[in-house]
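To keep things clear, I will list the structure first and then write my remarks on it.
Residue numbers begin at 1 in each chain, while the letters A, B, ... track the order of the sequences. Any value given below was found using the heavy atoms of this structure, including those in side chains, with hydrogens, waters and symmetry copies removed.
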Amino acid sequence: MKPHECSSISPDMPTEGDNAYDPVALEARWQDRWDRDRTNAFTLDELRSARNPFFNLMMFPYPSAEGLHVGNIYAFTGADVYGRYKRMRGYDVFEPIGFDAFGIHSENFALKTGVHPTELIPGNVANFRRQLRRIGGMFDWDHTVDTTDPEYYKWTQWLFLQLYRHGLAEQKEAPVNWCPSCMTVLANEQVIVGACERCGTGVEQRFIRQWFFRITEYADKLLDNLRHIDWSDTTIKAQRNWIGRSEGAELHFPIAEGSGAGQERVTVFTTRPDTIFGATYVVLAPEHPLVDAVTSDACRQEVEAYRTRTGAMDLVARKKIEKHKTGVFTGGHCVNPANGERVPVWIADYVLMGYGTGAIMAVPGHDERDFDFAHAFGLPIVRVIAAPGEDASTRLEIAYEYPTGTLVNSGRYDGLDVDEAKAAIVADLEASGLAEAKVTYRLHDWCISRQRYWGPPIPIIHCDDCGAVPVPEEDLPVILPYVEDFRPDASGVSPLSRVRDWYEVACPSCGGGATRETDVSDTFLDSAWYFLRYPSTDFSDRAFDPEITRRWLPVDCYIGGNEHAVLHLLYSRFVVMALNDMGLLDFEEPYDRFRAHGLIIREGAKMSKSKGNVIVPDPVIERYGADTFRLYLMFLGPFVEGGDYQDKGISGPHGFLHRLWESVVTGEHGTADRDDAAADAMDQDVERKLHQTIEKVTEQVATLRYNTAIAAMMEYLNRARAGGRSPTHAEIEPLVRMVAPFAPHIAEELWRRLGRTGSIFDGANWPPFDPAKTAEQLARVAVQVNGRVRGTVSVPVGATETVVAAAAQAEANVARHLEGKEVRRVVHIPDRLLNFVVAEPAAVGGGH
RNA sequence: GCCGGGGUGGUGAAAUCGGUAUACACAGGGGACUUAAAAUCCCCCGGGAGCAAUCCCAUGCGGGUUCGAGUCCCGCCCCCGGCACCA
């Protein structure tokens, strides 16, 4: 470009005197320089005026005491490579990072070590900042977020109030895992086989009033939008399954006897109304409100015992562990609305109160769970669907669950196929008030209440006269008070309610005595909107600035782990949809593009603290440098699939960077070599390889196939140095540019030593390629005889079948295989392959 | 059990609109340069047979489609991740 504009190296940026590659010193120097020059930071004006904004987001980490995990580094590096690539394509890339520092882990850690989270978190954050800086991420340190900072959670609380105001937050009774010994609520992960992980006491279910967000209102939109957002397939599938829309019908089974007879009816949800003639019994969840009404006196004692037993079970065991079917007969019966038959009513814990209506019609002939249950308790099994070749009397060895077939044993519906029958049966029952077509979702409302200490207080005040009153926005934040010992005590009340002057407060509505909500909110709420905050951290009077938000959002690219495929991603989509409906955002989806990265393992095994096989990043960086570490992480497998970190493998990428350094610094052309025409007269083969490499790397980096992009760069450098030759300036400079996203420090240094000034990341410095120069003159065509390779021929690109065939037949080995055979057919794939399909010649009578 | 993703050399892995399987790298072996070491450069490296040319076998297993299958179809086995007995 302007080679002579400035060829001197600034005095505060000394070039290494001995020309040795010293990554540790070099990286520290460039990190200082990036800070000093504000290379990666935006001012408010720059955010306002960016011409080509690109919001490159990665999932912010939880700042643990152990320091940055390689899993984090892997994810951040992959995202950073992409951000740097986009920057080199001319985008204004905003790449912020923050800290998701509330939550159960800090609380547990505090209980174990006695260090209060308030004291613990700043040190952890400082250590994370140091490590994040050290790996060479392009982070804008002027726009970070810490969810535990009142300046941040003020707006988390504000968000709660907006949702509340629009009817999307409500209180409902819901079960929690309760440890009677610790007197505290446990998360599912704290329950180990039905017992409290800390004290081993059996866990109970308790029902308490909690705050929920009505995410189910958005179920259809959350599902429908999946059709047009650019996300990893696996993530879309996970969300689709999680939302779990199912179309079916609610059917009513009138109670036949007992106290409820005549007035009450059991309503079941089914996706298979066509199988109703096979419904030989009904099962209620043990908690179902009609259990009392159907239960006969003779059975009451046993029913009560069973209910107590399931009630004592924790939520995890109830949902996961139970394999063999248990249940008891209530003594009551319902009437099957299709055929008027009396069917027995059972209760069983495989029916969950939280899904559908909490009651099912059991069709053992066509549902495996019902089949198992019927077998265990000797209940009748009737076939009502027949596959081709079967009829009404074909024996059912296992439940026939296929979604197609013809109805049998179903009265006047016999002979209809499954889909016709569904519609006909629902329509007929609907006419007599015994059914309604219905859609249900697996998704439930989002419970955001946490009966804990380390989280943002939910901004609600409870008043005896006015009920739940939102804290006025001007009173935000509701500061989380410092509680020295936040452990639950014998009183059983929340730790926050023990802070009298915080807990007791005047009602904002009537001024009377009132108390604060003592639940704090779920950490998923903190992370459901953090990306909105990043570009607006310069504002303390609004959560996100409308103008800045219009310019920078939605997020252009989001990279993160698939462990958040469902909850975090779904919750943040919900929050954005709700804010959009409130008119506070003008888009419906937070992330235009999402890519899930893979997991890394070490030497074939999962890393864990207990196995002592975690990779500690600092020593690796000290030995090889961050550039090598980054390059190796991106090389060891496809980014979206993860890979196996083998300690010895790092020497490959390290050697590559060494050779690259050497090619620029101590090669024949050294730093003094400028754009000199003679020196740059490029070897034709090397030049072709260069353009092919740029083409390949450009395509692969853009699609996150980093491992093969790196392999292509290695191949190119090998070619350019083959036989001990020294690459010219023109041969090596484009490689420095391509390496830059992966190894930014060495790239900056080599860029400078190649005579450039300024940062390689300032400006659209990604190398272009010339398609005309990628073209090969000759093609190596494989020659097959009957599909087996018998030789290869070199022919001009685009050679016709005739030309290739002639060349092929001239090959001795090919000729040998064709000899005495009759060529029946020739398959020619230009520039790739020629296949002679041959056979023994038809006997013409000559013989011997 | 269900859902999702995978099984390719000694190892991490390439190659998927069906077209020369094993790119790149690690480990291993041999050589050049060097007083030596490091670094660098060159050569070999799936299995079997053969002096060689060459041939046969090989992408988890068994079938199938095709001129041709790691890739597509059917039926299995194993590993990893997630979860919700979802009616």
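Going from atom CZ of A/R816 over to atom C1' of B/C55 covers 8 Å, rounded to whole Å. Here the P atom of nucleotide B/A27 and the OH atom of A/Y632 are 10 Å apart, to the nearest Å. Across the protein-nucleic acid pair, A/D644 atom CG and B/A25 atom C1' stand 13 Å apart, rounded to whole Å. Rounded to a whole Å, the CD atom of A/E247 is 18 Å from the P atom of B/C86. Here the P atom of nucleotide B/G5 and the CD1 atom of A/I236 are 13 Å apart, to the nearest Å. Spacing between atom CD of A/E563 and atom C1' of B/G82 amounts to 11 Å, rounded to whole angstrom units. The interatomic distance linking A/R780 (CZ) with B/G19 (C1') rounds to 15 Å, in whole Å. Note: NE2 (A/H597) to C1' (B/G6) measures 17 Å, nearest angstrom.
Between A/R832 and the phosphate of B/U20, there is a side-chain N or O to OP1/OP2 separation shorter than 4.0 Å. Checking the phosphate oxygens (OP1, OP2) of B/G81, a side-chain nitrogen or oxygen of A/K606 falls inside 4.0 Å. Between A/K237 and the phosphate of B/G5, there is a side-chain N or O to OP1/OP2 separation shorter than 4.0 Å. Within the structure, every side-chain polar atom (N or O) of A/R725 is placed at least 4.0 Å from both OP1 and OP2 of B/U40. OP1 or OP2 of B/C41 sits under 4.0 Å from a side-chain N or O of A/R721. Residue A/N241 places none of its side-chain N or O atoms closer than 4.0 Å to OP1 or OP2 of B/C2. Contact check, A/H658 against B/A38: no side-chain N or O comes under 4.0 Å of OP1 or OP2. Between A/T440 and B/A87 there is no side-chain polar atom (N or O) within less than 4.0 angstrom of OP1 or OP2. For A/R705 and B/A14, the shortest distance from a side-chain N or O to OP1 or OP2 is not below 4.0 Å.
Between A/R688 and A/D685 there is a salt bridge, since a side-chain N of the basic residue sits under 4.0 Å from a carboxylate O of the acidic one. Of the charged side-chain nitrogens involved, none lies within less than 4.0 Å of a carboxylate oxygen, so that A/K689 and A/D683 do not count as a salt-bridged pair.
In this structure, A/T792 reaches the bases: a heavy-atom distance under 4.0 Å links it to at least one base atom across the strands shown. Counting non-hydrogen atoms under 4.0 angstrom, A/R790 reaches the backbone sugars and phosphates but no base. Among the atoms of the strands shown, base atoms are found under 4.0 Å from some heavy atom of A/I829. Residue-level contact check: A/A722 touches the backbone only, with heavy atoms under 4.0 Å from sugar-phosphate atoms and none from bases. Counting non-hydrogen atoms under 4.0 angstrom, A/H366 reaches nothing in the nucleic acid. No contact: A/G604 has no heavy atom under 4.0 Å from any strand. Across all strands, A/N813 comes closer than 4.0 Å only to sugar-phosphate atoms, never to a base (heavy-atom distances). Using a 4.0 Å heavy-atom criterion, one finds that A/D370 contacts no nucleic acid atom at all.
When each of B/C24, B/A87, B/A27 is scored by its nearest atom to the side-chain atoms of A/T270, the top-ranked nucleotide is B/A87. Listed nucleotides B/G4, B/A15, B/A87 differ in distance to A/R369; the shortest reach to its side chain belongs to B/A87. You'll find that the side chain of A/E662 is closest to B/U40, out of B/G12, B/A14, B/U40. If you check B/A14, B/C56, B/C24 against the side chain of A/R788, the one that comes closest is B/C56. Each of B/A84, B/A27, B/A87 was ranked by its minimum atom distance to the side chain of A/S246; first place goes to B/A87. Between B/A23, B/A87, B/U20, one nucleotide has an atom nearer to the side chain of A/Q784 than all others, and that is B/U20. The side chain of A/F635 sits closest to B/A25 out of B/A25, B/U20, B/A84. Relative to the side chain of A/L352, the nucleotides B/U11, B/C86, B/U20 differ in distance, and B/C86 lies closest. Side-chain proximity of A/N718 to the nucleotides B/A25, B/A84, B/G4 is greatest for B/A25.
Side-chain N or O atoms of A/R725 include one that pairs as donor or acceptor with a backbone N or O of A/A720 at under 3.5 Å. No side-chain donor-acceptor contact under 3.5 Å links A/N562 to the backbone of A/A596.
Taking atom P in both B/U8 and B/G70, the straight-line distance is 15 Å, to the nearest Å. Rounded to the nearest Å, the gap between the C1' atom of B/U35 and that of B/G30 is 23 Å. Rounded to whole Å, the P atom of B/A23 lies 24 Å from the corresponding atom of B/G31. Nucleotides B/C78 and B/G28 are separated by 30 Å at their C1' atoms, to the nearest Å. Comparing B/G50 with B/C43, their P atoms are spaced 29 Å from each other, to the whole Å. Across B/A69 and B/U59, the matching P atoms stand 11 Å from one another, rounded to whole Å. Rounded to a whole angstrom, the distance from the P atom of B/G68 to that of B/C57 is 14 Å. Nucleotides B/G64 and B/G10 are separated by 34 Å at their C1' atoms, to the nearest Å.
Between A/Y281 and A/F377, the distance separating the two ring centers is not shorter than 6.0 angstrom. Residues A/W346 and A/F373 place their aromatic rings such that the two centres sit under 6.0 Å apart.
Base orientation for B/G28: anti, the chi torsion being more than 90° from 0.
Closest-nucleotide positions on RNA chain B for A/R659 and A/G637 were compared, and the one nearer the 5' end corresponds to A/G637. Comparing A/V837 and A/E641 by the nucleotide of RNA chain B that holds the closest heavy atom to each, the one mapping nearer the 5' end is A/E641.
Base pairing annotation: B/A32 forms a Watson-Crick or G-U wobble pair with B/U40, both donor-acceptor distances under 3.5 Å. Partner assigned to B/G81 is B/C3, using Watson-Crick or G-U wobble distances below 3.5 angstrom.
The side-chain tip of A/R442 points at the ring of A/W242 from less than 6.0 angstrom away and within 45° of straight on.
Exactly one residue among A/F635, A/Y632, A/F639 makes a ring pair (Phe, Tyr, Trp, His ring centres under 6.0 Å) with A/Y706. That residue is A/F639.
With hydrogens and angles left out, the side-chain atoms of A/T267 and A/E250 include no donor and acceptor closer than 3.5 Å.
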